[in-house]
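Labels below follow one simple rule: chain letters A, B, ... track the order of the sequence lines, proteins then strands, and each chain is numbered from 1.
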Amino acid sequence: MTYVIAEPCVDVKDRSCIEQCPVDCIYEGGRALYINPDECIECGACEPACPMEAIYYDADLPEEYAGATASNREFFTITLAGRSAALGNPGGAKRVGVVDADTAVVTAAPVRAE
Amino acid sequence: MISHVSSNQLAAPLRVGIVGAGPAGLFAADAFLTQSEVPVEVDLIERLPAPFGLVRYGVAPDHPTIKSVVSTFEAILLSSGARLVGGVDVGSSIGAGELRECYDVVVYATGAATDRRLGIDGEDLPGSVSATEVVSWYNGHPDALAQVLTAGSVAVIGAGNVALDIARLLVSPYDRLAQTDIPTATLPAFARSAVRDVQLIARRGPAEAKFSTKELRELALVDGVSVTAPAADVAGVDAIGLDRRAAANLRVFESWTEPVAGRGRTVSFRFFERPVAIHGENRVTGLEVQRTRPGGQSERLVRPVEMVVRAIGYRGVPIAGVPFESSGGVVPNAAGRVVGLDGRLVAGVYVTGWLKRGPSGVIGTNKQCAHETVASILTDCHTGAVVRAPDRPRLTDVLQRRRLAASDARGWRAIDEEERRRGAAEGRGRSKISDWATLRELAHRTELQPT
């Protein structure tokens with residue numbers, strides 16, 4: 001169990017959650033942000049910070065965002081497009097910076113109109 | 001006289017004393033150490049030999065995932081430019097005024113160490129305790145008094161996560177608790193516990209409760225525990241317009257409205273019940289409440305319980321020589337700059353965390369709070385409101401003249417290692433050390449050895 005970032009984040013990336021996270025476990029992809037499930041300490045600070053209400057405790061995810069849990073995990077476990085290895089658990093998003101890639105779920109999400 | 005020098009001329013680092021090495025203080029230290037505008041030297045002055053404040057002494061022992069934030073805190077503590085000054089009480093070891101002399105900037109981050117009271121008859125009867133007393137006891141705080149769990153029925157007053165923690169710990173099977181870091185000497189009290197049922201008493205309804213959904217749900221996941229919520233109160237909530245958390249909580253309560261036949265321990269939610277008195281001659285025998293449904297009749301009834309725990313919020317504790325607003329239990333401030341009773345800023349004195357904004361939010365909330373305070377300090381360095389003096393006395397020298405020895409991060413390391421060693425001997429990750437003598441002995445042991 002962990003907090004996860006669901007589809008309302010796609011193409012928004014407000015980043016307010018990043019400032020709240022005490023362990024810096026929210027990573028920035030090309031179109032969305034992702035929570036590293038192994039680094040998340042489940043404190044819940046990020047959830048109310050998101051203006052898009054994109055963050056859920058995974059047990060509370062609405063059915064329409066059911067793919068978010070796997071998607072957040074895959075961002076770290078799968079070798080993303082254009083990269084030579086999986087991100088793994090880097091121990092902090094700051095040292096990684098922006099990763100210009102996304103998971104299949106986020107890539108397939110419709111482009112959000114302005 | 002202190003001469004005014006502009007920031008770009010300065011070679012000497014800004015000397016910062018942060019009082020309190022809990023989440024608020026550590027995030028403030030981190031905010032100082034990760035900026036590059038002003039070179040800093042940060043002392044974290046902590047009353048106890050062990051750092052981490054409420055992460056160590058407040059977060060429930062069965063929540064190891066949240067406690068794992070400690071590894072982030074340890075990294076902050078060990079970063080160059082930071083130093084732990086442990087076992088030093090601002091107030092008795094050194095006054096606030098004297099402390100101010102030692103640093104260019106003092107940041108108070110002592111949190112909210114005491115509890116709010118109910119202000120009702122019988123509150124001081126044996127068997128009536130505060131959440132702080134119970135939580136600090138099972139978390140091994142060296143100042144905590146031993147508690148006894150001889151009550152069969154317990155009322156926990158409050159509708160927040162602290163009330164949930166206490167209810168969950170009180171109904172947990174012994175085997176579950178024996179895996180946590182609860183001090184070895186404290187575990188037998190849980191093994192002998194007489195607790196059969198816990199009633200969670202809330203003044204308002206299911207939609208107003210401040211429980212986080214994840215922790216609410218967790219209650220029913222404890223082995224052998226049945227949870228019930230009054231069907232009429234839950235059904236009476238208008239679900240339209242509820243915020244996301246309240247709506248999610250309501251769904252959890254709805255799943256608990258069926259009475260459960262079980263032989264195990266029970267947790268029962270009681271809504272719209274305002275405590276009016278605690279009954280008993282020599283010990284607690286009951287909690288009298290005024291029950292008022294919205295739009296309904298009001299009635300008084302007595303819940304027969306032998307223990308009452310009030311978990312209605314924390315309160316900051318005033319520090320002699322530092323302005324305090326007793327109504328809110330906070331230090332009056334403007335973006336972290338301490339404001340005196342005359343409405344003027346107190347030069348060089350700042351506040352962060354619960355002592356600044358009141359006891360709300362989660363661990364991570366303190367990070368942003370600390371960033372605001374540190375941003376104010378950096379601004380004040382540039383405007384000249386903060387004056388760097390090169391000839392300040394060193395806190396450790398001042399303490400030494402009083403024959404007070406502070407401990408450091410190595411002292412904490414020694415405590416940490418001994419707790420892990422004791423835990424491993426019992427087949428668990430850690431057994432906390434909860435007595436002052438052993439904590440002090442371990443914290444100072446490293447001084448005897450060359451490093």
Please flag which part of B:Phe27 lies under 4.5 Å from any non-hydrogen atom of chain A: side chain, backbone, both or neither. side chain
Given that the side chain runs from C-beta out, which part of B:Arg217 has a heavy atom under 4.5 Å from chain A: side chain, backbone, both or neither? side chain
Minimal heavy-atom distance between A:Cys43 and B:Gly364, with the atoms involved, is SG-N, 4.2 Å
Please classify the contact between B:Ser212 and chain A as side chain, backbone, both or neither, with a heavy-atom cut-off of under 4.5 Å. neither
Residues, nucleotides or ligands: over 12 heavy atoms within 6.0 Å of B:Glu37 CD: yes
Non-hydrogen atoms of A:Gly44 and B:Val362 that approach each other most closely: C-CG2, 4.2 Å
Looking at A:Asn89, I want to see if its CG is surrounded by more than 12 non-hydrogen atoms of other residues, nucleotides or ligands under 6.0 Å. yes
Hey, is CG on A:Asp38 packed in by over 12 heavy atoms from elsewhere, all under 6.0 Å? yes
Is there a side-chain contact between B:Lys367 and A:Gln20 in this structure, where contact means two heavy atoms from C-beta onward sitting under 4.5 Å apart? no
Between B:Thr65 and A:Cys40, what is the shortest heavy-atom contact and its length? CG2-O, 3.9 Å
Please classify the contact between A:Glu39 and chain B as side chain, backbone, both or neither, with a heavy-atom cut-off of under 4.5 Å. neither
May I ask you to name which of B:Val69, B:Thr365, B:Ile363 has the most heavy-atom pairs under 4.5 Å with chain A? B:Val69
Where at least one partner belongs to residues 26-51 of chain A, residue pairs that pass ring-ring contact (aromatic ring centres under 6.0 Å, His included), sequence neighbours excluded: A:Tyr27-A:Phe76, A:Tyr34-A:Phe75
Take a 6.0 Å sphere around CZ of B:Arg413 and say whether it holds more than 12 heavy atoms from other residues, nucleotides or ligands. no
Could B:Arg244 and A:Glu47 be called an ion pair, given the rule that one side-chain N must be under 4.0 Å from one carboxylate O? yes
Do side-chain atoms of B:Lys214 reach the backbone of A:Tyr57 as a donor and acceptor pair under 3.5 angstrom? no
